[in-house]
Participant: 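Next up is a structure, given as structure tokens.
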Amino acid sequence: MILNVLFILVGIVLVLWGADRLTDGAVAVAEKMKMPQIVIGLTIVAMGTSMPEFCVSLVSALKGTTDLAVGNIVGSNIFNTLLIVGVSAWVAPMTILKSTVRKDIPFALFASVVLLIMCLDGNISRLDAGILFVLFLVFMYVTLKGAKTKDDDTTAKTDSIEDNKKPMATWVSIVWIIVGLACLIGGSNLFVEGATKVAEHIGVSEAVIGLTIVAGGTSLPELATSVVSARKGNSGIAIGNVLGSNVFNILAILSVTGVITPMHLQGITMLDLSMMVFSTLLVWLFSFTKYKIARWEGIVLTIVFIGYMVVLCY
């Protein structure tokens, strides 16, 4: 039991560190290829931050633990929407950009509803995965097209990327990409192996482990980043990134994973999927109040998350 818990902790560290290294190397290579900064931010950086969820879900599906794979995505989205946004708003009221309310949140809600409908039969087939992937391509097209208009949201992201720009030698970039991938693959295997064994040992389903421990572990970077951003007054960008990550989790990660290996769901219930939809809808409703999520609204989101965790574990 202790060894498996150690596997989980080491796996989390390797996955998160590997995702950072892979992203750094990929961004450096993209910059040398003269790829526009905004494209880098909306593609490579966005994908890099979701690599922990992708690798853990893919490895889980390949090992036959599909509940762990889907639970990771559903749990991460609930974790992002309720706990990350809730705690961030609790720390400091979060100002919501108009583009987030009009585009990002509705698309995240739409993606959640589509996934819920697909899961009604208890399966995510290759056809379902193909539909999700087409929707992902549409989302990326709309996002990249919107980036060309230099609206307030994407301009802020571009400035942020440029401020953190660090020159890197080509050979170093390639090394970081290779090392990052190795850590992601190795860490994901350790993580899934440890989580599966812990679930068996304490008599908890893989779905619950995926919705709690695995989802929380892969979402830790977003939690830390969003809380710090809220304290520094950059909450508008933070919540946009969190919701963008939710869309990417469903449309990109589950589509690729589902195409590689169709997934049969057993432990993921309508309660879990409905909570994913409800949490996004709740944030959207709160966002309409002066384009801001107040502290009391953040407390409500956090309480809802705690209540869901209690019901889930019980």
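Because the structure is a prediction, the values reported are computed rather than measured.
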Participant: Can you find a heavy atom in the side chain of Phe286 that is under 4.5 Å from one in the side chain of Ile96?
Facilitator: no
Participant: With side-chain contact (heavy atoms from CB on, under 4.5 Å) as the criterion, how do Thr257 and Ile253 come out once you've worked through the C-alpha distance, each side chain's angles and the decisive distance to 0.1 Å?
Facilitator: CA-CA 6 Å; Thr257 303; Ile253 295 177; 4.1 Å; yes
Participant: Output the distance between atom CD1 (Ile131) and atom CD1 (Ile124), rounded to the nearest 0.5 Å.
Facilitator: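 Going from CD1 on Ile131 over to CD1 on Ile124, the span is 11.5 Å.
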Participant: Kindly work out whether a path of hydrophobic side-chain contacts (I/L/V/M/F/W/Y, heavy atoms less than 4.5 Å apart) joins Ile299 to Val85.
Facilitator: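 Shared cluster, no.
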Participant: Check whether Val310 and Ile303 end up in the same hydrophobic cluster, where Ile, Leu, Val, Met, Phe, Trp and Tyr are linked by side-chain heavy atoms less than 4.5 Å apart.
Facilitator: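 Val310 and Ile303: separate clusters.
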Participant: Heavy-atom count check: over 12 atoms from other residues, nucleotides or ligands less than 6.0 Å from Lys292 NZ?
Facilitator: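 It does not: Lys292 NZ has 12 such atoms or fewer within range.
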Participant: So Leu281 and Trp284, side-chain contact (heavy atoms from CB on, under 4.5 Å) or not? Walk me through it.
Facilitator: CA-CA 5 Å; Leu281 181 61; Trp284 197 23; 4.2 Å; yes
Participant: Same cluster for Ile306 and Trp90 if Ile/Leu/Val/Met/Phe/Trp/Tyr side chains link at under 4.5 Å?
Facilitator: no
Participant: For Phe305 together with Phe79, are the ring centres under 6.0 Å from each other?
Facilitator: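 Centroid separation for Phe79 and Phe305: below 6.0 Å.
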Participant: In terms of hydrophobic clusters joined by side-chain contacts under 4.5 Å, are Leu9 and Val198 together?
Facilitator: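 Yes: a chain of side-chain contacts under 4.5 Å links Leu9 to Val198.
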Participant: With no hydrogens and no angle check, just 3.5 Å: does a side-chain donor-acceptor pair link Asn72 and Ser57?
Facilitator: yes
Participant: For a quick check under 3.5 Å, do Thr81 and Asn246 share a side-chain donor-acceptor pair by atom type?
Facilitator: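 Looking only at side-chain atoms, Asn246 and Thr81 do form a donor-acceptor pair, the distance falling under 3.5 Å.
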Participant: For Ile268 and Ala207, which heavy atoms make the closest approach, and how far apart are they?
Facilitator: CD1-CB, 3.7 Å
Participant: Counting only pairs under 3.5 Å, give me each side-chain donor-acceptor contact of residues 270-277, with atom names and distances, residues two or more places apart or in other chains.
Facilitator:
{"from": "Asp272", "atom 1": "OD1", "to": "Tyr308", "atom 2": "OH", "distance (Å)": "2.8"}
{"from": "Asp272", "atom 1": "OD2", "to": "Thr269", "atom 2": "N", "distance (Å)": "3.0"}
{"from": "Asp272", "atom 1": "OD2", "to": "Thr269", "atom 2": "OG1", "distance (Å)": "3.0"}
{"from": "Ser274", "atom 1": "OG", "to": "Met270", "atom 2": "O", "distance (Å)": "2.6"}

Participant: Could you go through the side-chain contact (heavy atoms from CB on, under 4.5 Å) check for Asn123 and Leu265 one step at a time?
Facilitator: CA-CA 6 Å; Asn123 294 283; Leu265 310 180; over 6 Å; no
Participant: Applying side-chain contact (heavy atoms from CB on, under 4.5 Å) to Val259 and Phe133, what does each step give before you reach the verdict?
Facilitator: CA-CA 9 Å; Val259 167; Phe133 189 72; 5.7 Å; no
Participant: Quick one: hydrophobic cluster around Leu6, which other residues, with the 4.5 Å side-chain cut-off, linked directly or via members?
Facilitator: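 Leu6 clusters with Leu3, Phe7, Val10, Leu14, Leu190.
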Participant: Would you please classify the geometry between the Phe139 ring and the Phe107 ring as parallel, tilted or perpendicular, with 30° and 60° separating the classes?
Facilitator: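 Because their plane-to-plane angle lies in the 30° to 60° range, the rings of Phe107 and Phe139 count as tilted.
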Participant: Working to the nearest 0.5 Å, report the span between CZ of Phe110 and CG of Leu251.
Facilitator: 8.5 Å
Participant: Using the side-chain contact (heavy atoms from CB on, under 4.5 Å) criterion, which residues pair with Thr261? Sequence neighbours excluded.
Facilitator: Ala61, Leu62
